[in-house]
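Being a predicted model, the structure only gives us computed values, none of them experimental.
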Amino acid sequence: MTRTPRLTSDTAACCWIPLFALRCETARRPELASLPLALLAPDDTRRLWQVAPLARRAGVKPGMTVSQAIGLCPALKLCEPDPVHYDEQFARLVAALVTVSPVVEPVELGRAYVGTDGLEWLYGSPQQIAKEIQMLSAECGVRNAECKGKRREANDPSLKFRTPHSAFRIGWGRGKFVSWVAASRAKPGGSVIVRPGEERKFLASQRLAVLPLDPDTHRPLLQLGVKTLGALVALPEEAVVSQFGRAGRRLWRLAAGLVSEPVVGRVVPEPIVAALTFFTPVGNRDLLAHALDKLVDRALGDPRRSGWRVQVVRVHAELEHGASWLVAATLKDPAATRERIAAPLKTQLERSPPAGAVERLVVEFTAFAPGTAELQLFARDAGAAARAGRRRALQSAAREIALRIRRPMLYHVIEVQPWSRLPERRYALIDFEP
């Protein structure tokens, strides 16, 4: 595993698909498109996550409890979330965007930035670049890994669907913020282009909500009558800074078009994956936590992890009846020990456990940070790292056997008198303590 320098781009095209997860559901089940539909939240199935326009017209909003929503709209159709499926679909979309530009930065489900520096030599004007992105993204075939409660092979052609061309909104401009605001103003299937030098004029009429505001900042600004970015910029910068501190300066400069954050192409390391299939579906949280420990140990013992600490880890599960469960954690301090890596996953397992019994559990290390000089010094031998991982797994298995049988059953053969003619004297059995 080698480090790759990150590519950046000053100009950006924001590709946005609103209600991405909901669109994934209606794409694989078209009969839902004409119904008032809502997706349950992956971390709390008592509340709504994404709401279709038909349901919104009846007053249903994201974050509502199921009972509140059904009270407003008795015909509401509720869908259980399938986060693994949505993640796979978004990964295919990102892969399609990479064919347009090598600089792609995913932000959240359904939204990604594409760096466009130099693309004018290939495609022409920003309008033509946006059109190319829409065409390639709309042609991105994605496979549904579940049908009628049973999983099929990934190459089954009957499971493909195409994302509607009208779902995409493209915003082009200098920096990520301008391109995002432009995408939010674009019509479905359309694009908005903000030419260099026109950023301040374009942003002035936009609502204050396009800024990354927390409620404690948003409320005082509204009380002051500041409803647009132009109204915010009309205030003296130092007055905003004195009121809201360093965050206020950044907000003011974003609104003025003075901040141009480049698109940073993500480094895609080869992920390390460890999986476990249960012959009998498991629903017990303690057993799942134990399985998590085993899988993290197995992934840590992979030779490719030698000299690297884990920064992003995620776990996903295939549940009975074709549903799925997915949680991810970004470690504030990259780690190389099971306890620190598994802890946030176990916390999320307790807070929002799978909605059904687990048939298959998968742990993935998806991002890494280089180890300290001392760590790399002692971990350069990939074979030694692999042996250490196997030894940890063996120690854990030995402890488990001892706990179950309550007496030693593992022995180690050692050489005692290799010169003896009697085999019984050459070797001896001693208790195995790994």
Side-chain angles (χ1 to χ4, degrees), residues 6-19 61-63 101 103-120 125-127 129-130 133 168-265:
R6 294 197 175 195
L7 301 174
T8 61
S9 173
D10 291 329
T11 58
C14 178
C15 179
W16 181 42
I17 307 174
L19 303 177
K61 296 180 180 179
S101 168
V103 187
V104 176
E105 183 181 346
V107 181
E108 61 182 0
L109 203 62
R111 179 158 65 106
Y113 294 105
V114 179
T116 62
D117 284 357
L119 292 188
E120 63 274 9
S125 65
Q127 289 90 342
I129 295 173
I133 292 174
F168 291 87
R169 305 179 190 216
I170 305 291
W172 186 93
R174 189 168 185 82
K176 291 189 290 188
F177 179 69
V178 173
S179 65
W180 156 239
V181 177
S184 69
R185 300 295 297 171
K187 295 179 180 179
S191 61
V192 170
I193 309 298
V194 182
R195 300 282 181 182
E198 298 178 354
E199 292 87 0
R200 185 159 184 164
K201 180 181 178 182
F202 168 74
L203 293 173
S205 61
Q206 307 304 320
R207 293 181 302 172
L208 197 64
V210 299
L211 286 170
L213 293 167
D214 58 79
D216 292 336
T217 305
H218 196 186
R219 196 179 304 108
L221 288 173
L222 290 178
Q223 291 173 349
L224 290 171
V226 178
K227 297 181 180 180
T228 65
L229 301 191
L232 177 61
V233 174
L235 299 174
E237 180 180 1
E238 294 307 319
V240 176
V241 173
S242 65
Q243 181 69 31
F244 301 106
R246 184 179 299 178
R249 185 183 299 279
R250 182 173 181 271
L251 294 174
W252 190 93
R253 294 179 69 82
L254 279 174
L258 299 177
V259 175
S260 177
E261 296 177 334
V263 181
V264 180

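Of all heavy-atom pairs spanning Ala12 and Gly175, the tightest one is CB-O, 4.0 Å. In this structure, Pro212 and Arg250 approach most closely via the heavy-atom pair CG-NH1, 3.8 Å. Contact between Asp10 and Pro262 at its shortest, heavy atoms only, is OD1-CB, 3.9 Å. Between Trp252 and Leu258, the shortest heavy-atom contact is CZ3-CD1, 3.9 Å. Taking all atoms of both residues into account, the shortest heavy-atom contact from Gly173 to Ser179 is N-CB, 4.0 Å. Across Ala255 and Leu211, no two heavy atoms sit closer than the pair N-CD2, 4.4 Å.
The backbone N or O of Gly197 lies less than 3.5 Å from a partner atom in the side chain of Glu199, making a donor-acceptor pair. Side chain of Arg169 to main chain of Ala186: a donor-acceptor pair is present (N/O by atom type, distance under 3.5 Å, no hydrogens or angles). No donor-acceptor distance shorter than 3.5 angstrom exists from the side chain of Glu105 to the backbone of Tyr113, with no hydrogens or angles considered.
With sequence neighbours left out, Arg111 forms a salt bridge (Lys or Arg N to Asp or Glu O under 4.0 Å) with Glu108.
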Just distance, no hydrogens or angles: give the donor-acceptor pairs under 3.5 Å from side chains in residues 220-241, sequence neighbours left out.
| residue | atom | partner | partner atom | Å |
| --- | --- | --- | --- | --- |
| Thr228 | OG1 | Ala231 | N | 3.2 |
| Glu237 | OE2 | Arg249 | NH1 | 3.1 |

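To the nearest 0.5 Å, atoms CZ (Phe177) and CD (Gln206) are separated by 8.5 Å. Put simply, CZ on Phe202 and CZ on Arg195 are 13.5 Å apart, with the number rounded to the nearest 0.5 Å. Once rounded to the nearest 0.5 Å, the distance linking CG of Asp214 with CZ of Arg219 reads 9.0 Å. The OG atom of Ser191 lies 11.0 Å from the CD1 atom of Ile129; values are rounded to the nearest 0.5 Å. Taking NZ of Lys176 as the start and OG of Ser260 as the end, the distance is 10.0 Å to the nearest 0.5 Å.
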- Message: Using the rule given for side chain to side chain contact (heavy atoms under 4.5 Å, CB included), can you reason through Trp172 versus Thr116, listing the C-alpha separation, both sets of side-chain angles and the distance that settles it, and then say yes or no?
- Response: CA-CA 9 Å; Trp172 186 93; Thr116 62; 3.1 Å; yes
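Annotation: side chain of Leu251 is not in contact with side chain of Phe244 (no heavy-atom distance under 4.5 Å).
Of the options Val104, Val114, Asp117, a side-chain contact (heavy atoms from CB on, under 4.5 Å) to Ser9 is made by Asp117 and by none of the others. When each of Leu254, Val192, Val194, Leu203 is tested with Val181 by the rule side-chain contact (heavy atoms from CB on, under 4.5 Å), just one qualifies, namely Leu203.
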